[in-house]
Asks: 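Handing you a structure now.
Throughout, residue positions are numbered sequentially from 1 according to the sequence presented. These numbers come from the heavy atoms of this one structure, side chains and all, not from hydrogens, waters or symmetry mates.
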Amino acid sequence: MAKVRRFLSTLAALVCFCAAAAAQDVPDAYAKIILTPSDAIGMYEGKWAGTQNVFLPSGRQILNFHVEQNFYWATVENERVLVGSGYLSSAGDRIDTFSSMRDRFTHLEMIVKDSKNTEYAYLGYVIKGAVVWVPRARCLLLDVQNDTFHTRGEFIDLFSENLKFVRQGGYSGALIVKSLLAKKAASAEDASKKAPGRFIFKRGGK
C-alpha cells in the first residue's frame, strides 16, 4: 500500500509539472472535466488534427509537426478497443502512428506501435481532471504525458504535454513535447458540456 501511495504521489507531482509548463499555451477555452477512465476514453474518439512541437529543456524549439489522428471503436479478440491511426508530417517526411486503447475501469491501457512495429505499453490515470500516461514498465517512468480536454465553441481541443528522456543521435537528455489537436464535437450536447469560468488547471491543459 505504501508503494502505491508513493507511486500516485509521483504521478501527482508530474501532473503539476506538466500543467505549469504549459500554462502559457492554452487559449481562452472552457475545460472539460473528466470524472472516470470511461469518460476519458470516450473523449479520445474521433478525428483530430493539429500541431506538435518539440522543445529542449531550455525552451528552444527543435522540431514541429502537423498531426492527424483518428480514434475509432473496433472489436479485437472479442474485446472493445479504441484503435488509433494517424501520422505526423514535417518538411515532406511522414511518420505513421498506430495505437490501441482499453478501458480497465480503474485506469486506461494503451499500446503504441512505432514504424518498426515495436510495441510500447502505457497506463493512463485520471488525476485532477487530466489523463496522465506513464509507461507500464516502472523503470521507464521518465516518459509521462498529461492530456486535458477543453471545449471551444463547436470544437473540442486536446492539449498534451509530454516529458521524456531520450538517447538519439548525439543527444541524451530530456525533451518536452507539446501537442494541440482539435476535433468537431460529435453533437450539440458535447459542445455544451462546459464548466464556465473554470479550468482543470490554471493554464492560461494534456
Side-chain angles (χ1 to χ4, degrees), residues 15-16 18-54 64-74 80-89 96-105 107-112 122-134 144-163 176-206:
V15 172
C16 292
C18 293
Q24 70 276 16
D25 297 330
V26 179
D28 186 14
Y30 290 112
K32 199 164 192 68
I33 298 175
I34 298 171
L35 299 177
T36 69
S38 296
D39 295 330
I41 197 170
M43 289 300 301
Y44 284 99
E45 181 183 6
K47 294 182 178 180
W48 301 86
T51 58
Q52 182 177 100
N53 299 295
V54 182
N64 69 286
F65 298 94
H66 170 74
V67 181
E68 298 212 8
Q69 186 76 41
N70 182 25
F71 288 100
Y72 56 93
W73 290 104
R80 194 167 183 249
V81 176
L82 190 66
V83 177
S85 64
Y87 66 88
L88 297 85
S89 62
D96 292 322
T97 60
F98 305 93
S99 65
S100 59
M101 192 184 303
R102 293 167 171 82
D103 181 3
R104 299 305 190 198
F105 303 105
H107 62 278
L108 303 179
E109 182 180 84
M110 180 166 60
I111 305 295
V112 177
Y122 295 86
L123 303 178
Y125 298 90
V126 178
I127 302 176
K128 294 185 178 180
V131 183
V132 181
W133 294 98
V134 296
V144 61
Q145 180 165 309
N146 176 80
D147 292 347
T148 56
F149 297 91
H150 305 252
T151 56
R152 175 174 53 87
E154 297 181 354
F155 294 89
I156 296 175
D157 294 332
L158 167 57
F159 298 94
S160 295
E161 179 99 6
N162 177 226
L163 173 66
I176 298 170
V177 183
K178 298 181 181 183
S179 303
L180 169 56
L181 306 180
K183 70 174 181 178
K184 195 157 187 179
S187 66
E189 181 183 0
D190 285 341
S192 68
K193 291 179 182 176
K194 304 175 181 178
R198 177 180 176 183
F199 288 91
I200 295 298
F201 296 110
K202 194 66 176 178
R203 297 179 60 175
K206 298 138 38 88

Asks: Hey, what do you get for CE (Met43) to NZ (Lys183), rounding to the nearest 0.5 Å?
Replies: 5.5 Å
Asks: Whether the side chain of Asn162 engages the backbone of Val144 through a donor-acceptor N/O pair (distance < 3.5 Å, no angle test) should be reported.
Replies: yes
Asks: Would Thr36 and Val126 count as a side chain to side chain contact (heavy atoms under 4.5 Å, CB included) here? Give the steps.
Replies: CA-CA 7 Å; Thr36 69; Val126 178; over 6 Å; no
Asks: Please report the closest heavy-atom contact between Ser160 and Gln145, naming both atoms and the distance.
Replies: OG-NE2, 3.7 Å
Asks: Would you say the side chain of Lys178 lies within less than 4.5 Å of the side chain of Phe159, judging by non-hydrogen atoms?
Replies: no
Asks: Please find the pair of heavy atoms, one from Phe105 and one from Asp103, that lie closest to each other, and give the distance.
Replies: N-OD1, 2.8 Å
Asks: Holding to side chain to side chain contact (heavy atoms under 4.5 Å, CB included), I want the full list of residues that pass it with Asn53, two or more places apart in sequence or in another chain.
Replies: Thr51, Phe55, Gln61, Asn64
Asks: Is Ile41 close to Phe71 at the side-chain level, that is, under 4.5 Å between some pair of heavy atoms?
Replies: no
Asks: Kindly compute the distance separating CD (Gln52) from CG (Leu181), expressed to the nearest 0.5 Å.
Replies: 8.0 Å
Asks: Any sub-3.5 Å donor-acceptor pair from Lys184's side-chain atoms to Lys47's backbone N or O?
Replies: no
Asks: Provide the closest heavy-atom pair for Ala40 versus Leu108 in the form atom of the first, atom of the second, distance.
Replies: CB-CD1, 4.1 Å
Asks: Give me the atom names and distance for the closest heavy-atom approach of Arg152 to Ala182.
Replies: NH2-CB, 3.7 Å
Asks: Which heavy atom in Ser100 sits nearest to a heavy atom in Val81, and how many Å separate them?
Replies: CB-CG1, 3.6 Å
Asks: Going by heavy atoms in the side chains, are Trp48 and Ile156 under 4.5 Å from each other?
Replies: yes
Asks: Taking all heavy atoms of Ser85 and all of Tyr72, pick out the closest pair and write down the distance.
Replies: OG-CE2, 4.0 Å
Asks: How long is the gap from OG on Ser179 to CD on Glu161, to the nearest 0.5 Å?
Replies: 9.0 Å
Asks: So, using salt bridge (Lys or Arg N to Asp or Glu O under 4.0 Å) as the criterion, who are the partners of Arg104 when residues are at least two apart?
Replies: Glu79, Glu109
Asks: Under 30°, 30 to 60°, or over 60°: which ring-plane class applies to Phe149 and Tyr44, parallel, tilted or perpendicular?
Replies: perpendicular
Asks: Using a 3.5 Å distance criterion without hydrogens, assess whether the side chain of Thr148 forms a donor-acceptor pair with backbone atoms of Ala130.
Replies: no
Asks: Kindly indicate whether the side chain of Val112, heavy atoms from C-beta on, has any atom under 4.5 Å from the side chain of Thr97.
Replies: no
